[in-house]
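Okay, structure first, notes after.
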Number of protein chains: 2
Amino acid sequence: MSTADGQLRPSHRRTAVLEALKGCPRIVSAQELHMRMVAEGTRIGLSTVYRALRDAEETGRVDVVQAGTGEKRYRWRRGGEHRHYLVCRVCAASRPVGAEAVEAWVASVVSESGFAAVEHTVELAGVCARCQRAAD
Amino acid sequence: MSTADGQLRPSHRRTAVLEALKGCPRIVSAQELHMRMVAEGTRIGLSTVYRALRDAEETGRVDVVQAGTGEKRYRWRRGGEHRHYLVCRVCAASRPVGAEAVEAWVASVVSESGFAAVEHTVELAGVCARCQRAAD
DNA sequence: AGGTGGACTGATAATCATGTTCAATAACGA
DNA sequence: TCGTTATTGAACATGATTATCAGTCCACCT
Ligand SMILES: [Mn+2]
Ligand SMILES: [Mn+2]
Ligand SMILES: [Zn+2]
Ligand SMILES: [Zn+2]
């Protein structure tokens, strides 16, 4: 669970999950990351992977993209700021895109709306050049 | 299923689902819409509501917003073009927001990316003024 | 070093939204 | 009207995620 102040203790396993995520070339789901770790010889339970990713999401250390299929996919966030990504629907390759224009638009919409605590989701999904070629 | 040309037959039930959706003041999930219809006296199965909404989504007659909780919420689309919405997390009230700036940004990102068949998701969720007041 | 209490782990079971099956039903066209 | 065919919906299946809880580990104190 969590300590008195709500923080999670950085354990061996939890650290391993985030390290594994850092090493992922494409965005991954919790289950994919778990399989990956097991395949590499790490002994870890699926529950722990889910917990570590949920915590990392809540504390803003990862970016999340909600695929149309309802599963969440994660990507390690390098700078402090969140990013938005263009993701390949076929191979899950992802590249960050510059979203200054969107951030500015969000800010202006929010300031005119009267809404508070507004969060935004911006996702782009398509088929990358390589996968287009592979499709003949 | 579907007719030879892939079109769904517009049946009584299916029409009723879309009519009910049109009458919704806030974005609704499939289950909420089903409960609403049953409460109003319509006799209809949950499967049919799911099917009608899925079909409406595929044919572009509704806008869909994927809540963080993994459930899809629907809103009837009036004009031909899709819209993006600012949704209240508390009461599910939704208002369309002008997103010309975002559409232009998406177009420019896509043209520079080499990706094909790119689809975009833009969602804003917050707490509306009324619900802020209600929270004291 | 040894003890202790609270946090962590993971196998298992529970949820939850949504999809699928299939026998019964309703709608179309001749 | 009759026969063909799509539609319907109750029950069941799925797939991702979360909750349980007994066992384990670890930080800290003596
Ligand atoms: Mn952003
Ligand atoms: Mn748009
Ligand atoms: Zn690809
Ligand atoms: Zn509200």
Side-chain angles (χ1 to χ4, degrees), chain A residues 1-21 27-59 62 64-75 89 92 123, chain B residues 1-21 27-59 62 64-75 87 92 123:
Chain A
M1 206 148 303
S2 50
T3 54
D5 60 353
Q7 275 298 103
L8 289 184
R9 182 179 293 177
S11 67
H12 193 245
R13 300 280 157 73
R14 220 169 285 255
T15 304
V17 171
L18 298 188
E19 284 306 313
L21 183 61
I27 62 172
V28 288
S29 65
Q31 312 216 27
E32 284 170 0
L33 188 57
H34 176 246
M35 288 194 303
R36 209 181 146 86
M37 294 180 74
V38 169
E40 285 173 356
T42 310
R43 199 147 83 269
I44 191 170
L46 182 55
S47 299
T48 301
V49 175
Y50 271 110
R51 276 191 285 248
L53 288 175
R54 175 155 36 116
D55 175 56
E57 176 180 358
E58 285 167 0
T59 56
V62 296
V64 186
V65 39
Q66 199 115 264
T69 58
E71 89 215 302
K72 286 181 176 177
R73 309 194 129 256
Y74 298 86
R75 173 156 170 160
R89 270 194 294 273
E123 290 166 15
Chain B
M1 204 145 309
S2 50
T3 55
D5 59 354
Q7 275 298 104
L8 290 184
R9 183 180 292 178
S11 67
H12 246 183
R13 300 279 155 74
R14 220 169 286 254
T15 304
V17 171
L18 298 188
E19 285 305 313
L21 183 61
I27 63 172
V28 287
S29 65
Q31 311 216 27
E32 284 169 1
L33 189 57
H34 176 247
M35 287 194 303
R36 209 180 145 87
M37 295 179 74
V38 167
E40 284 174 355
T42 310
R43 198 148 81 268
I44 191 169
L46 182 55
S47 298
T48 301
V49 175
Y50 271 112
R51 277 191 284 246
L53 288 175
R54 175 157 35 121
D55 175 57
E57 177 181 357
E58 284 168 1
T59 57
V62 296
V64 186
V65 40
Q66 200 121 285
T69 58
E71 92 217 300
K72 286 182 176 177
R73 308 192 130 257
Y74 298 87
R75 172 156 170 161
V87 180
E123 290 165 17

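Computed from a prediction, not measured in an experiment: that's the story for all the values here.
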So, applying salt bridge (Lys or Arg N to Asp or Glu O under 4.0 Å) with B:E57, which one of B:K72, B:R75, B:R73 is it?
B:K72

Euclidean distance, [Y] [atom2] relative to [X] [atom1], rounded to 0.5 Å:
X: B:L46; Y: B:L33; atom1: CG; atom2: CG; answer: 10.0 Å
X: A:E40; Y: A:R36; atom1: CD; atom2: CZ; answer: 5.5 Å
X: A:M37; Y: A:R13; atom1: CE; atom2: CZ; answer: 9.0 Å
X: A:R14; Y: A:L53; atom1: CZ; atom2: CG; answer: 10.5 Å

Output the single nucleotide from [options] whose closest atom is nearest the side chain of [X].
X: A:Q31; options: D:dG9, C:dT18, D:dT17; result: D:dT17
X: A:R54; options: C:dT20, C:dT18, D:dT18; result: D:dT18
X: B:T48; options: D:dG9, C:dG10, C:dA17; result: D:dG9
X: A:R14; options: C:dT9, C:dT18, D:dA19; result: C:dT9

Quick one: on DNA chain C, does A:G45 or B:G70 contact a more 5' nucleotide (nearest heavy atom)?
A:G45

Quick one: [X] [atom1] to [N] [atom2], roughly how many Å, whole number?
X: B:H34; N: D:dG9; atom1: NE2; atom2: P; value: 8 Å
X: A:Q66; N: C:dT18; atom1: CD; atom2: P; value: 11 Å
X: B:E71; N: C:dG19; atom1: CD; atom2: P; value: 13 Å
X: B:K72; N: C:dG19; atom1: NZ; atom2: C1'; value: 11 Å
X: A:Y50; N: C:dT12; atom1: OH; atom2: P; value: 17 Å
X: B:R73; N: C:dT18; atom1: CZ; atom2: C1'; value: 15 Å
X: B:R43; N: C:dA24; atom1: CZ; atom2: C1'; value: 14 Å
X: A:H12; N: C:dC8; atom1: NE2; atom2: C1'; value: 13 Å

Can you say whether a donor on the side chain of [X] sits under 3.5 Å from an acceptor on the base of [N], or the other way round?
X: B:S11; N: C:dA27; answer: no
X: B:S47; N: C:dT20; answer: yes
X: B:R51; N: D:dG9; answer: yes

At under 4.0 Å between heavy atoms, what does A:L46 touch on the DNA or RNA strands: base, sugar-phosphate, or nothing?
nothing

Compare side-chain N and O positions of A:R13 against OP1 and OP2 of C:dG10 and report whether any pair is under 4.0 Å apart.
yes

